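Here's the structure, in structure tokens; my notes come after.
Because the structure is a prediction, the values reported are computed rather than measured.
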Amino acid sequence: MDPLTAYSGLFLRVGLYLLVFWPTVGYYVYHDSKQRGASSPRLKGVLYGFFGVAGVFVYLAQKQRAKESPSR
């Protein structure tokens with residue numbers, strides 16, 4: 001059994017997903033966090049980027065919620 005096609009190519013699909021979306025989402029979150037002056041933008045980029053499309057949706061929801069809440 002070839003390791004790349006084991007489990008109907010699960011490892012290959014997950015690897016390609018991470019290869020495409022991790023850097024794209026990670027860079028977007030890092031760049032946006034850095035512009036807004038948020039704490040630890042590099043760590044946020046890595047963590048949200050790992051979750052790919054789901055990570056960017058969560059990040060955008062949190063960003064919108066922070067924008068709507070009044071500042072103290």
Return each pair, listed once, that meets side-chain hydrogen bond (donor to acceptor under 3.5 Å, both in side chains) where at least one residue sits in residues 16-29; pairs must be two or more places apart or across chains.
none
Go through the structure and list residues passing ring pair (Phe, Tyr, Trp, His ring centres under 6.0 Å) with Phe57, not counting sequence neighbours.
none
Would you be so kind as to tabulate the donor-acceptor pairs closer than 3.5 Å made by side chains of residues 39-56, with sequence neighbours excluded?
{"residue": "Tyr48", "atom": "OH", "partner": "Gln62", "partner atom": "OE1", "Å": "2.4"}

Return the set of residues passing side-chain hydrogen bond (donor to acceptor under 3.5 Å, both in side chains) with Tyr59 (not counting sequence neighbours), or none when no residue passes.
Asp32, Ser33
Results of side chain to side chain contact (heavy atoms under 4.5 Å, CB included) for Phe11 - residues two or more places apart only:
Tyr7
Tell me if a side-chain donor or acceptor on Arg13 pairs with a main-chain N or O of Ser8 at a distance below 3.5 Å.
yes
Interatomic spacing from NZ in Lys67 to CG in Leu60 - rounded to 0.5 Å:
9.5 Å
